[in-house]
Each structure stands twice: as C-alpha cells, then as structure tokens.
Amino acid sequence: MVQDPRALAATPAPPAHILVVDDQLESRELLHAHLTNAGYEVFTAQDGFEALAAVAAQPPDLILLDVMMPGLDGYEVCRRLKSDEETAFIPVVMLTALSDFENRLRGIELGADDFLGKPFNRLELLTRVRSLLRVKGLHDQVAAHNRLLEDRVAERTAALEHALADLREMDRLKSEFLSNISHELRTPLTPIKGYLPALLREEFGSLTTDQRRILGDMARSVERLHRLIEDLLAFMQLESGQAGLHLGAVELEKILEAALARAAATAREKGLTLTVEAPPPLPPVWADAAALGRALGHLVENAVKFTPAGGQVTVTARLLDGEGRGAETQGSGGAEGLSPLPPGPPAPQQFVEITVRDTGVGIPAGAIPRILDRFYQVDSSTTRRHGGTGLGLALVKHILDAHGAPLAVESVEGRGTTFTVRLPVAA
Ligand code: ATP
Ligand code: MG
C-alpha cells in the first residue's frame, strides 16, 4: 500500500542521529556532550573502519569526521562513503586542525559537505550541524516522494498489465464466439437454401400457383436473411481485425456484374434503369474479389433502394492516370478508346475509378458526415420503408479502408447521389 507523502511530512521527526568519528577520546567526548545537550542522538567511532561499520549497521543523518586518524584516515572514509550510492547523500563535516586551503580542497574533491576547524566553537558546530541536517531532511523528503511515485507507477503498470491480460482473454473469447456463431447461423440456412429452388423446380411434385408464389416469397426472404447474416459476420470480423484480405489481381467486369445482380430484381420491380458503363479493356485491380464484390454490391443496393420508381442507377468504371485524370482525356484516343500512358520512368500508379450514381432521394448535407457510421440511417420515411440495419456503408468503409481505397460521396437532396471508389491497378 502506498503511503501518502503528507502523512510522511506530518509524522513528528525522531531526533537526528549523528555519528562522531575521532581517534582522540577528548575530542569525541566534547562533541558527544555538545550534540547530546542539543537533543541529538550521538554515536561514536574511534577510527575509519569502525566508522564504516557503524554506517553500514545504521546509516546516520550526519557524520562528523576527523581527518587525521591512524589506519583509514578521514579522507579515505569520506571517499568510500561518497562513492557508494547508499551512503553518498549522508552529509559529512570534516574536522580538521589543519585549516589550510589545500586540505579543504582535497576534502571538497572527495565530496565533503562542510568543514569545522579544531578546536571548535560550540555555536559554530551546532549551526553547521543544524543547517546540514535541514538539507538532509529535504533530501529525505524528495527521496520519499520519489519512492512513492515509483510505487504508484508500479501499481499502475500492474493494473494496466492486468487490464491487458483481460482484454486478450476477451479477444480470445470473441474470436471463439465469432467462429461458433458463424457456424450456428449458417448451418440451419443450408437445407432451406438448398431445398427451396428444388421445390420451385417442382422436383418434389407439381405446385399450385399459390404454392409457387409463397415459395418464391420464402426464397427471397431466405436470400435476404442469408445476406444479412453474411454482412453481419463480415462486419464483425472486420471490426475485430480478424478478416484477412486475399488480395490479388481481380477482373472488375465480373465483380461489377455480380454487384448488379444483387439488386437487379428489385430494380426491375421498381422499374429502374440499371446500367453499367465500363468501356473495355479495363485492367485488373488489386483487391480481394469477394470483399470488393460485397462493398460494390452494397453501394448498388443502396442506389436502387433509395431511388424511386422510374429513376436511374448507373455504375461506371474507368482508368485514371497517376494524377487522377481520366486516361481517355490524354492525347489522341487509340483504336480501343484508351490512349497509352506517357512513356518514361517512373510510371505513376494507375487507378480505376468506380462510381455508383443514382437519381434518387439524395442525402441531406448535414447527414453526409454520418452515413458511414454503423447503424446510422437518415431518419426519413424512405429509410423506414426500406428497412435495413444501417450497417451497409459501415461495412463498405471497412472493406475499402482495408484496401487503402478512398471512398467519396456527393449528393443533392431530391436529385441523387454518387459514390466514388478508387482502386489501384494490379501491377
Ligand atoms: P443496410 O445497408 O444495413 O440494409 P441501410 O441501407 O439503411 O441498411 P447503409 O447502407 O449503411 O444502411 O446506409 C446508411 C444510410 O445512408 C441509409 O439508411 C440512407 O439513409 C443513406 N444512404 C445510403 N446510400 C444512399 C443513397 N444512394 N441515396 C440516399 N441515401 C443513401
Ligand atoms: Mg445499405
């Protein structure tokens, strides 16, 4: 448990503990008497080795250290104390009869904090001791604060490590859940999807008109449910970063065809014109065919859904050069309608731009920034009439982001909407 630093400061300080080191008994006793009278707790040592042992046994708050001693002299004791990080911060006052400049200089070099000339003046002794003890007290407070901070950092680090472990476990459970739920949701649909067309083909007996109509409705509903499940699973996988893309060179024509097929029946029912303008030859793009098909399918589906009867939905694809110009706008057109790109290094990256344009209800300007948010639907009767979960565009955005492909939208309320996707041409 970490202690509050204010509590540390408020605790009454015990008497300071001072170590007196001197080989002369007289001098030791005098210092002992002065300091004890002043309220300090005093210990004595009569040579350097004894002094070091005393410090190791119980580090004092201050050391009064005689310079001239047999064996280990005061300089050596001071040097050893100051070069050990455990004892370096204990203030050392050197006691010296030699008041000459050179000896003090040597003491300073070895890290002594102050000097006191022998014979000492009581008042001077107590003043120096008090002032050095104050400095030592401040040092101890800083050290205590540092320890406290280190403890707090350690506590926080432990808490974060704990949270990280929890997150990893949750992530593992989520993956497990995802793969279970995928299986559980897909499996029951398999026989329904398999038998319905066979029933409709009258493989199990002839159907009345009503039965055919009902089975047709069921097939469409199952198809819708299947798509919804696949979208949900794809979305969950993309959100959890578990959907690895299988990138490769992809022929756009087939993907566009499949994307249109997804909405073709609805377009027909609504009397919409659904057209593709993709002048061949289009180069293959670098993409995941299934994911890209799903994304474009959603854009086309939205265009069909939000365009009233009699309207138009147009899907276009064209080759752009590195600067984003239409390749057909450069130079003279070749026999195929596409001019060769300018020769010479380095060849700028080429892109194919795909647009899905409709003459539908449009999106209010204020809603445009939000339409890519998951579950967001413009709150209008049109949206309610058509249902949906509001996941479509969030999924599109995820898929295109994973491709590093930008998505743009332009829309005018009551006039129509255009979504634009740009994909790199496969090298
Ligand atoms: P879901 O795609 O899950 O079936 P949804 O189509 O409502 O439901 P999104 O595809 O995410 O959801 O689209 C979000 C909202 O953006 C739509 O509800 C609609 O309000 C608006 N929107 C998207 N595309 C168009 C469009 N082409 N024209 C007009 N509004 C659009
Ligand atoms: Mg949608």
Side-chain angles (χ1 to χ4, degrees), residues 185 189 220-239 243 255-256 258-277 290-317 353-402 405-421:
L185 286 174
L189 279 185
R220 268 192 296 278
S221 288
V222 166
E223 191 49 45
R224 203 168 141 202
L225 185 60
H226 178 234
R227 247 190 247 164
L228 188 63
I229 288 171
E230 291 303 318
D231 281 352
L232 262 173
L233 292 176
F235 185 79
M236 282 163 76
Q237 269 174 348
L238 280 160
E239 283 257 297
I255 299 215
L256 291 176
L260 258 69
R262 181 168 168 154
T266 321
R268 238 191 336 272
E269 279 164 24
K270 287 177 81 172
L272 302 183
T273 323
L274 185 54
T275 47
V276 186
E277 292 169 10
L292 181 62
R294 192 186 292 283
L296 295 176
H298 264 289
L299 293 179
V300 176
E301 192 178 78
N302 278 349
V304 168
K305 178 153 82 169
F306 297 108
T307 301
Q312 239 176 338
V313 172
T314 315
V315 180
T316 72
E353 187 182 81
I354 302 164
T355 66
V356 180
R357 201 169 65 228
D358 66 56
T359 58
V361 296
I363 305 165
I368 288 181
R370 300 206 49 203
I371 53 168
L372 300 181
D373 294 351
R374 51 180 145 156
F375 306 122
Y376 180 80
Q377 298 181 299
V378 176
D379 189 18
S380 74
S381 55
T382 318
T383 306
R384 282 200 218 103
R385 191 165 66 237
H386 295 292
T389 57
L391 266 186
L393 285 180
L395 182 58
V396 171
K397 177 83 170 86
H398 262 310
I399 291 172
L400 295 178
D401 278 352
L407 171 71
V409 56
E410 279 173 77
S411 188
V412 180
E413 243 189 309
R415 298 270 297 278
T417 304
T418 304
F419 281 92
T420 306
V421 180

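In each ligand, atom 1 is the first atom listed, and ligand 1 is the first ligand listed.
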Quick check: does G390 get an N/O under 3.5 Å from an N/O on ligand 1?
-> yes
Nearest heavy-atom pair of L238 and I399: which atoms, and what distance?
-> CD1-CG1, 3.6 Å
Chi angles and distances behind the side chain to side chain contact (heavy atoms under 4.5 Å, CB included) call for V313, T273 = CA-CA 6 Å; V313 172; T273 323; over 6 Å; no
Give the numbers and elements of all ligand 1 atoms closer than 4.0 Å to a heavy atom of Y376.
-> 14 (C), 15 (C)
Quick one: look at K305 and ligand 1, take heavy-atom pairs under 4.0 Å, and tell me if it's side chain, backbone, both or neither.
-> side chain
Going by heavy atoms in the side chains, are F419 and L393 under 4.5 Å from each other?
-> yes
Close approach of G360 to ligand 1, heavy atoms, under 4.0 angstrom = no
State, yes or no, whether a side-chain contact exists between T359 and T417 at a heavy-atom distance under 4.5 Å.
-> no
What are the atoms of ligand 1, with element, lying closer than 4.0 Å to any heavy atom of V378?
-> 18 (O), 20 (O)
Which one holds for D358 and ligand 1: side chain close, backbone close, both close, or neither close, with close meaning a heavy atom under 4.0 Å?
-> side chain
Go through V300 and R262 one step at a time and tell me if the side chain to side chain contact (heavy atoms under 4.5 Å, CB included) criterion holds.
-> CA-CA 8 Å; V300 176; R262 181 168 168 154; over 6 Å; no
Of I371, V409, N302, the one whose closest heavy atom lies nearest atom 24 (N) of ligand 1 is N302
Within a strict 4.5 Å, meaning less than it, do heavy atoms of the L400 and V421 side chains meet?
-> yes
Charged N to carboxylate O below 4.0 Å: is that the case for K270 and D358?
-> no
Is there a donor in the side chain of T316 and an acceptor in the side chain of T355, or the other way round, less than 3.5 Å apart?
-> yes
If you measure from each non-hydrogen atom of L393 to ligand 1, which part falls under 4.0 Å: side chain, backbone, both or neither?
-> both
For ligand 1, which atoms, with element, lie under 4.0 Å from some heavy atom of G392?
-> 1 (P), 2 (O), 3 (O), 9 (P), 10 (O), 11 (O)
Would you mind telling me if ligand 1 is within reach of the side chain of I363, the backbone, both or neither, using heavy atoms under 4.0 Å?
-> side chain
Among R227, R370, R357, Q377, closest by heavy atom to atom 7 (O) of ligand 1 is Q377
